[in-house]
Enquirer: 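Dropping a structure here in structure tokens format, bear with me for questions.
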Amino acid sequence: MKYYSLNHIAPNVSFKDAVIIGLAPDKGLYFPESIKKLETSFFETIEDKDNITIAFTAIQQFIGQDIPKRILKSILQDVLNFPIPLVSIDKEVASLELYHGPTMAFKDVGARFMARCLGYFTEHDNPKEITVLVATSGDTGGAVASGFYDIAGIKVVILYPSGKVSKVQEQQLTTLGKNIKALEVKGTFDDCQEMVKRAFLDQDLKHKVKLTSANSINIARWLPQMFYYFFAYKQVKQKLNNKPLVFSVPSGNYGNICAGMMAAKLGLPITHFVTGTNRNNTVPEYLTTGLYQTKPSKSTISNAMDVGAPSNFVRIKELYNNNYNEIKQHLSGFSYTDEQTIEAIHYLYKNYNYIADPHGAIGYLAIKDYLKGNANHFGVFLETAHPIKFSPVMPKNISKTIQIPTQILSLIGKEKKSIKIERYNELKAFLLENVK
Ligand SMILES: *Cc1c(COP(=O)(O)O)cnc(C)c1O
């Protein structure tokens with residue numbers, strides 16, 4: 001399978017090269033040259049298939065010869081070693097819980113898959129060693145640290161803003177050691193991101209350190225998120241009674257929802273997508289007005305979605321032929337305030353004894369709003385993070401009832417190791433020293 005750049009200048013590349021390069025040299029996102037529908041019989045019998053077979057069938061065409069089938073299967077076995085349950089909320093809505101992985105946010109699946117693909121490439125071919133450089137405002141860093149931990153041939157450098165990530169998030173970044181290095185930046189998330197961007201453009205560094213990123217721009221982080229929709233369908237199929245299936249996805253950079261749209265292109269019977277956002281409403285506004293206006297991000301309690309310029313939206317446009325009406329036919333969007341989010345958390349707890357985190361709560365609000373105008377559909381919203389990760393902003397009476405999961409308990413007492421930096425030159429010096 002070849003990938004082309006959505007800016008249409010850079011040459012087409014293999015899966016392997018797209019994973020190693022990340023963003024195309026013309027700054028475009030990579031997109032697969034073809035998407036081949038799966039057999040209808042596959043969906044008719046999906047409930048009899050195990051998750052590894054389903055995931056393998058969904059992703060194999062996008063990898064082609066670059067990873068042998070036997071190895072791809074073992075990578076998937078390794079990546080998908082935790083449950084992804086569908087939990088019923090009421091007669092028309094269920095929650096797909098994506099937070100049972102090692103760092104308790106949905107980014108685990110993509111980060112673990114990408115890490116193992118890169119690990120395979122460095123082990124069997126060139127480059128022999130690669131440095132993954134990422135800036136994080138919280139969740140990405142933890143998932144990347146855990147996903148890439150102890151993978152041979154890969155060094156990971158994570159920049160995070162000092163004092164601006166939660167305690168749990170900081171522990172997830174700074175206590176692993178081995179090939180994971182955390183740089184604590186005196187500044188904001190934007191400062192971290194600026195430094196990372198500068199490093200990728202640094203010609204002098206380019207010759208000395210093989211760098212790649214690990215955000216959802218990378219196809220190996222983006223594509224495996226398709227699996228969620230297949231796993232949800234497998235679990236919900238019997239309950240549908242021929243009702244059309246709609247997914248509601250709390251979105252920031254729109255990687256997760258766009259992966260769902262890929263699953264639909266593969267033939268998965270999904271009728272419609274709904275995006276729920278916080279006040280960062282670039283996409284819902286576009287769906288209402290037709291104007292796509294990016295803006296600076298506003299901070300909210302669902303902070304993993306504080307994105308004013310969603311990077312994956314260009315992939316959604318590509319999927320629907322850059323046609324506004326076609327996009328509208330497949331996607332609806334709603335945006336909510338922090339107050340509405342908290343209200344929804346209270347409502348779910350009081351009426352269904354269900355504890356949602358702020359992101360999942362927005363997914364719930366969006367599916368409910370959609371169903372108001374579309375009765376007789378069945379809605380699944382994605383619950384993207386464990387509520388414990390957001391306990392500081394959750395209502396106290398609810399957060400105190402959350403049982404602390406082992407993934408979080410295991411962080412207690414671990415020693416924090418970070419290196420404090422302030423300027424780009426310190427990052428550069430660190431990267432050069434780190435590859436020696
Ligand atoms: C990253 C993240 C999102 C947003 O996902 P996108 O793919 O960027 O749209 C939503 N919820 C949580 C908890 C996240 O960590």
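Start at 1 and go down the list; that is how both ligands and their atoms are numbered. Numbers here simply count residues along the sequence, with the first being 1. Treat the numbers as computed from the prediction; the structure is a model and nothing was measured.
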Enquirer: What I want to find out is whether D338 reaches K298 closely enough, with some N-O distance under 4.0 Å, to be called a salt bridge.
Expert: no

Enquirer: Within 45 degrees of the ring normal and closer than 6.0 Å to the centroid, is that where the cationic atom of K73 sits relative to F56?
Expert: yes

Enquirer: Any idea which heavy atoms bring D26 and N7 closest together, and the distance?
Expert: O-ND2, 2.9 Å

Enquirer: Is there any protein N/O under 3.5 Å from an N/O of ligand 1, and what does the full list of such pairs look like?
Expert:
from: ligand 1; atom 1: 7 (O); to: G255; atom 2: N; distance (Å): 3.2
from: ligand 1; atom 1: 7 (O); to: N256; atom 2: N; distance (Å): 2.9
from: ligand 1; atom 1: 8 (O); to: N253; atom 2: N; distance (Å): 2.8
from: ligand 1; atom 1: 9 (O); to: G252; atom 2: N; distance (Å): 2.8
from: ligand 1; atom 1: 9 (O); to: N253; atom 2: N; distance (Å): 3.3
from: ligand 1; atom 1: 9 (O); to: Y254; atom 2: N; distance (Å): 2.9
from: ligand 1; atom 1: 11 (N); to: T384; atom 2: OG1; distance (Å): 2.8
from: ligand 1; atom 1: 15 (O); to: K107; atom 2: NZ; distance (Å): 2.5
from: ligand 1; atom 1: 15 (O); to: D139; atom 2: OD2; distance (Å): 3.0

Enquirer: Who are the ring-ring contact (aromatic ring centres under 6.0 Å, His included) partners of F390, not counting sequence neighbours?
Expert: H359

Enquirer: Going by heavy atoms in the side chains, are L287 and F334 under 4.5 Å from each other?
Expert: no

Enquirer: Decide, yes or no, whether a salt bridge links K389 with D357 under the criterion of side-chain N to carboxylate O below 4.0 Å.
Expert: no

